[in-house]
Amino acid sequence: QVQLLESGGGLVQAGGSLRLSCAASGRTLRSWTMAWFRQATGKEREFVSAIRWSASSSYYSYYADSVKGRFTISRDNAKNTAYLQMNSLKPEDTAVYYCASGDVRVTSNLREYDYWGQGTQVTVSS
């Protein structure tokens, strides 16, 4: 059984930065896709970013248009941990951020991910 634990959320002013972490336990996720989703109050959960180790021995990452150029996903396989560096934060980035993982291709479809963390709150004040 895979457990995912997010950390790093908090309150930040618009234009600020936060770095989220997702620590995995239960198995090594080296070849699995790790992703971030977010859910604002009253809205559906939406895709933010995902990353996977590709056959060409490099990482492949994918971003939602709303965060492209501001957010950067990365992972440290030695630590079994994924990260989401969030810069130039906007009030509309306020949400609970969830980490997800699965033995799937990089996808924005949340239904394809088998494992989820409990989420970490990110609040951006204007």
Side-chain angles (χ1 to χ4, degrees):
Q1 186 73 8
V2 174
Q3 291 86 39
L4 303 175
L5 181 62
E6 304 96 335
S7 62
L11 173 64
V12 64
Q13 288 188 333
S17 299
L18 282 175
R19 187 194 195 203
L20 306 183
S21 298
C22 172
S25 61
R27 67 156 289 157
T28 299
L29 301 184
R30 177 181 174 86
S31 62
W32 284 20
T33 295
M34 296 189 77
W36 290 94
F37 289 78
R38 66 186 182 186
Q39 188 167 17
T41 302
K43 295 187 176 181
E44 294 186 350
R45 193 168 298 189
E46 65 175 7
F47 172 77
V48 176
S49 184
I51 187 169
R52 182 180 176 93
W53 181 255
S54 74
S56 61
S57 298
S58 63
Y59 286 113
Y60 173 75
S61 57
Y62 176 55
Y63 297 90
D65 288 343
S66 58
V67 305
K68 201 172 295 184
R70 300 188 299 121
F71 291 9
T72 302
I73 191 171
S74 62
R75 62 192 294 170
D76 184 337
N77 283 335
K79 295 182 179 180
N80 223 22
T81 299
Y83 305 96
L84 186 68
Q85 178 66 43
M86 305 185 295
N87 299 328
S88 302
L89 282 161
K90 305 174 181 180
E92 51 263 44
D93 294 319
T94 296
V96 177
Y97 283 71
Y98 296 91
C99 177
S101 188
D103 189 12
V104 297
R105 59 186 174 87
V106 169
T107 175
S108 60
N109 186 348
L110 59 86
R111 293 176 180 81
E112 296 198 36
Y113 292 92
D114 296 317
Y115 300 100
W116 291 82
Q118 293 299 306
T120 185
Q121 176 71 46
V122 171
T123 303
V124 184
S125 63
S126 57

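What you are looking at is a predicted structure, and each value in this text was computed from that prediction instead of being measured.
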task: For the pair D114 (side chain) and D103 (backbone), establish whether a donor and an acceptor sit closer than 3.5 Å, ignoring hydrogens and angles.
output: no
message: My understanding is that only residues two or more places apart in sequence, or in another chain, count here; which of them pass salt bridge (Lys or Arg N to Asp or Glu O under 4.0 Å) with R105?
response: E112
Heavy-atom closest pair, residues L29 and N80: N-OD1, 2.9 Å
message: As an exercise, state the distance from CZ of R70 to OG of S17, rounded to the nearest 0.5 Å.
response: 10.5 Å
query: What's the spacing between M86 CE and R19 CZ if we round to 0.5 Å?
result: 11.5 Å
message: Tell me whether M34 shares a hydrophobic cluster with W53, the cluster being built from Ile, Leu, Val, Met, Phe, Trp, Tyr side chains joined at under 4.5 Å.
response: yes
query: In Å and rounded to the nearest 0.5 Å, what is the CZ to CG distance from F47 to N109?
result: 10.5 Å
message: If you compare all heavy atoms of A82 against all heavy atoms of W36, which two are closest, and at what distance to 0.1 Å?
response: O-CZ2, 4.1 Å
field: Closest heavy-atom pair and its distance - A40, A95
entry: N-CB, 3.7 Å
- line: Heavy-atom closest pair (Q121 atom, T94 atom, distance to 0.1 Å) is NE2-CG2, 4.0 Å
query: Is the shortest heavy-atom distance from the side chain of Y59 to the side chain of V106 under 4.5 Å?
result: no
- prompt: Between the side chain of S101 and the main-chain N/O of T33, is any donor-acceptor distance below 3.5 Å?
  reply: yes
message: Quick check: is L89 connected to V96 through a chain of hydrophobic side chains (ILVMFWY, heavy atoms under 4.5 Å apart)?
response: no
task: Would you kindly confirm whether Y60 and V67 end up in one hydrophobic cluster when ILVMFWY residues are joined by side chain heavy atoms under 4.5 Å apart?
output: no
query: Who pairs with A100 by side-chain contact (heavy atoms from CB on, under 4.5 Å), at least two apart in sequence or on another chain?
result: F37, Y113, W116
- prompt: Looking at Y98, is R45 sitting on its ring face, NZ or CZ under 6.0 Å from the six-membered ring centre and within 45 degrees of the normal?
  reply: yes
- request: With rounding to the nearest 0.5 Å, note down the distance linking CG in L18 to CD in Q85.
  value: 8.5 Å
query: Do the side chains of V2 and L20 join up, straight or via other hydrophobic residues, at under 4.5 Å, putting them in one cluster?
result: yes
message: Can you tell me how far apart OG (S61) and CZ (R52) are? Round to the nearest 0.5 Å.
response: 13.5 Å
- prompt: Same cluster for W32 and Y62 if Ile/Leu/Val/Met/Phe/Trp/Tyr side chains link at under 4.5 Å?
  reply: no
message: When you measure from the side chain of Y115 to the backbone of Q1, do you find a donor-acceptor pair of N or O atoms at a distance under 3.5 Å?
response: no
message: Minimum heavy-atom separation for D93 and S88, please, with both atom names.
response: OD2-O, 4.4 Å
- prompt: Would a distance-only check, ignoring hydrogens and angles, find a side-chain to backbone donor-acceptor pair under 3.5 Å from E6 to C99?
  reply: yes
query: Is K68 salt-bridged to D65, going by a charged N under 4.0 Å from an acidic O?
result: yes
- prompt: Does R38 use its side chain to pair, donor to acceptor, with the backbone of V122 at less than 3.5 Å?
  reply: no
- prompt: Closest heavy-atom contact between Y83 and D76?
  reply: CE1-CB, 3.9 Å
